[in-house]
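Step one of this worksheet: look at the structure below.
Remember, it's a predicted structure, so these values are computed and weren't measured experimentally. No hydrogens, no waters, no symmetry mates; every other heavy atom, side chains included, goes into these values. Lettering of chains follows the sequences in order, A, B, ..., and the numbering in each one begins at 1.
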Amino acid sequence: MDLEYSEEEEEFRSRLREWLGKVLPGLPPKPDPTDWPGRRAYDLGWQRMLYDAGYAGLHWPVDAGGRGATPTQHLIYLEETERAGAPYVGANFVGLLHAGPTIAAEGTEEQRRRWLPPVLRGDEVWCQGFSEPDAGSDLAALRTRAVRDGDHYVVTGSKIWTSHAEVADWCELLVRTDPSAPKHRGISWLAMPMDAPGITVRPLRTLAGSTEFAEVFLDDVRIPVANRVGAENDGWRVTMVTLSFERGTAFVGEVVACRRTLGRLAARARENGRWDDAVLRRRLGRLSAEFTALWRLTQWNVSEAQATGGVPGTGGSVFKLRYSHARQELYDTAAEVLGPDALDLGEEWTADRLSSLSYTIAAGTSQIQQNIVAERVLGLPKGR
Amino acid sequence: MHFQLTDDQRALRAGVRQLLEGRFGRDALRAAVDGSERQGGPALDRELWRELGEAGFFALRLPEKEGGVGLGLPEAVLAFEEAGRVLLPGPLVATELAAATVPGAAAGTTVVTRAEGPLVAWLDAADVVLGDVAGARPVRSVDPLTPLHRVPFEPRPSPPADTAAHDPAGVLLTAAEQLGSAARSCELAVQHARQREQFGRPIGSFQAVKHLCAQMLVRTETARAAVYAAAVTGDPLEAAGARLLADEAAVRGARDCLQVCGGMGFTWESDVHLHLKRAWLRTELGPSAAASEEALAAAL
């Protein structure tokens with residue numbers, strides 16, 4: 001049991017740090033959050049820089065065009081890019097963390113050649129069409145229909161919570177191809193070109209006031225059968241490969257950022273006099289213990305993944321349950337530090353507090369995660 | 001980085017578990033509780049104490065040239081986690097901490113206790129008492145397996161510097177016992193939830209029960225990462241933080257276990273109350289939670 005990084009890992013870190021120090025000052029200014037084409041260009045530009053420097057698809061397998069980095073190297077990458085203030089994965093999220101790994105694991109050689117290089121090079125953006133208005137936690141209840149017509153599927157239905165839909169080139173789409181089969185067995189995974197006729201994208205405004213998500217309406221959209229990854233009706237299994245990737249390391253950078261935010265909260269409290277409140281001080285102290293523990297839990301999970309050959313374990317659900325709650329606690333405490341200023345949308349932490357409210361819902365609600373932990377880790381019987 | 005148990009550490013943990021389950025399993029635990037009831041207080045099992053000494057339980061961190069096992073704090077933490085699982089009684093932490101300085105402590109022939117703030121455990125049974133216990137008076141201990149004395153009130157140390165300077169080993173070994181107890185409470189709750197049937201099915205199939213159990217595991221595993229990491233770094237602040245999480249995991253874990261076990265959990269014959277009472281007691285040893293939180297805040 002050790003927390004020391006090997007010489008090789010430290011060298012990886014220092015090379016990365018050096019590169020970040022060199023390229024970050026030359027980045028173009030960040031686009032306005034409401035400027036979607038600008039955000040796409042910015043995120044893809046960053047991905048291209050990563051590609052040119054050999055950091056694209058770090059955690060992808062080598063035969064998929066990735067670098068085959070170890071989970072620990074990936075952890076170092078996420079830690080260092082966050083520390084250096086590098087751009088987030090942004091519009092490249094689905095391509096790099098969901099769709100890409102799925103195609104790498106389940107796609108044919110031709111599919112891998114077609115879709116993976118543009119993701120790595122920063123040429124194409126993917127979005128995700130999984131959830132539906134009536135299929136959220138119960139994702140397998142999805143009803144978007146795909147009917148075979150020659151060498152095409154004709155798809156009708158609607159998707160929701162789709163990030164970057166306005167600027168995506170492709171959508172990883174879950175559709176029902178066999179309505180008579182048990183719900184998990186009649187689903188297929190399709191790559192849908194977002195410029196196909198019949199697609200309508202409607203932005204969805206969140207309580208934070210932003211339009212991070214969209215609804216996507218599909219009306220007789222024709223998708224080539226060749227765009228199906230995995231066998232027909234095997235899409236649920238194909239998708240689970242994707243989701244376990246999402247829970248693996250998605251929050252590493254955020255934990256680093258939360259620890260830094262905590263330090264800044266303490267500085268602010270010392271400035272504005274709130275530090276004199278022992279209850280608040282103790283709350284900040286406990287949060288410090290909390291986020292240190294979450295960082296250690298991340299290192300634990302990453303080491304476990306490395307030992308088991310890179311398969312994300314059930315530790316992801318445990319982490320997500322604890323982290324999503326801690327993040328909300330952090331920004332509620334920020335509001336206490338700010339006092340009346342917490343109602344000012346001009347304060348940076350006010351927007352973060354609002355967006356933190358989604359953390360116990362997105363990517364599996366805390367209630368669903370608790371079911372997963374209880375059933376798959378603790379072995380409690382399924383029920384309702 | 002390899003933040004996972006090594007093969008040697010797994011073997012050590014398995015060895016300690018085997019030793020403790022054989023020597024202080026459930027029957028021995030309940031016999032000790034019954035004995036405590038009959039005699040108006042628990043007796044320290046000196047023979048068991050010597051066996052622990054022979055097995056190296058108190059000497060894990062002692063250098064080999066001093067007759068110890070020559071391992072580190074992580075190994076000691078793993079051993080104490082096992083002690084916490086089976087609710088092994090006695091001033092284990094004080095004796096381990098004295099292994100290098102008090103003759104016989106490492107071998108298990110000398111039992112050492114120490115005053116920790118306003119409380120002293122096992123004062124009458126100990127051979128050596130460290131710290132000031134003048135004026136100590138016995139109290140009726142809530143934990144049937146830990147006799148307690150109250151030392152005349154003095155404010156517990158609270159300046160942040162105190163906690164930072166505190167030897168993290170004592171804090172972490174206590175936290176490790178809490179961790180073992182938390183893990184055991186979770187197992188007891190899950191066992192019960194799988195077997196107990198109401199409304200024609202195991203109560204563990206109900207989400208309300210499932211979620212209690214899941215949160216027990218989440219608290220335990222988060223505390224585990226924190227305690228193990230602090231044992232590796234030996235950083236006093238990290239130890240103080242890990243201890244806060246371990247206390248929470250043990251106390252809340254025992255409370256939730258009691259809830260899952262329902263009426264049976266409220267009975268004397270259930271082991272749940274033994275975990276809860278010991279967990280309460282351990283939170284009162286060493287620096288207070290308030291002092292730890294203040295120290296962590298001061299470092300922000």
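Your options are A/Val373, A/Thr72, A/Leu380, and the one with the most heavy-atom pairs under 4.5 Å with chain B is A/Leu380. Ranking B/Gly241, B/Ala225, B/Ala223 against chain A, the residue ahead of the rest is B/Ala225, based on heavy-atom pairs under 4.5 Å.
Contact of B/Val232 with chain A is made through the side chain alone, with heavy-atom distances under 4.5 Å. For a residue to count as touching a neighbouring chain, one of its non-hydrogen atoms must lie under 4.5 Å from one of that chain's; by this rule B/Glu238 touches chain A with the side chain only. Interface remark: A/Trp275 contributes side-chain atoms only to the contact with chain B (heavy atom separation under 4.5 Å). Looking at A/Glu9, only its side chain comes within 4.5 Å of chain B, counting heavy atoms on both sides. Contacts between A/Ala266 and chain B at a heavy-atom distance below 4.5 Å involve the side chain alone, from C-beta outward. Using a 4.5 Å cut-off between heavy atoms, B/Ala242 does not touch chain A at all. Contacts of A/Arg270 with chain B are made by side-chain atoms alone, with heavy-atom separations under 4.5 Å and no backbone atom involved. Heavy-atom distances place no part of A/Leu265 under 4.5 Å from chain B, backbone and side chain included.
A donor atom on one side chain and an acceptor atom on the other are found under 3.5 Å apart for B/Ser181 and B/His275. With 3.5 Å as the limit, one finds no donor-acceptor pair spanning the side chains of A/Gln367 and B/Gln207. Judged by distance alone, the side chains of A/Glu254 and A/Tyr359 do bring a donor and an acceptor atom under 3.5 Å apart. In summary, the side chains of A/Gln328 and A/Ser356 do not present any donor paired with an acceptor at a separation below 3.5 Å, with no hydrogens or angles considered.
A/Glu347 is listed as a side-chain neighbour of A/Thr350, based on a closest heavy-atom distance under 4.5 Å.
Counting only residues at least two apart or in different chains, ring-ring contact (aromatic ring centres under 6.0 Å, His included) contacts with residues 225-258 of chain B comprise A/Trp300-B/Tyr228.
Within residues 244-254 of chain B, the residues having any heavy atom less than 4.5 Å from a heavy atom of chain A are, in residue-number order, B/Leu244, B/Leu245, B/Glu248.
The backbone N or O of A/Met1 sits less than 3.5 Å from a side-chain atom of B/Gln9, completing a donor-acceptor pair.
In summary, A/Glu82 and A/Arg260 engage in a salt bridge, as defined by a charged side-chain N under 4.0 Å from a carboxylate O. The pair A/Arg13-A/Glu79 meets the salt-bridge criterion, since a charged nitrogen lies less than 4.0 angstrom from a carboxylate oxygen.
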Would you check, one step at a time, whether the test salt bridge (charged side-chain N to carboxylate O under 4.0 Å, His left out) holds for A/Arg281 with B/Glu293? CA-CA 8 Å; A/Arg281 273 201 316 272; B/Glu293 286 165 352; over 6 Å; no
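Relative to the six-membered ring of A/Phe291, A/Arg259 misses at least one condition, a distance below 6.0 Å or an angle of at most 45° to the axis.
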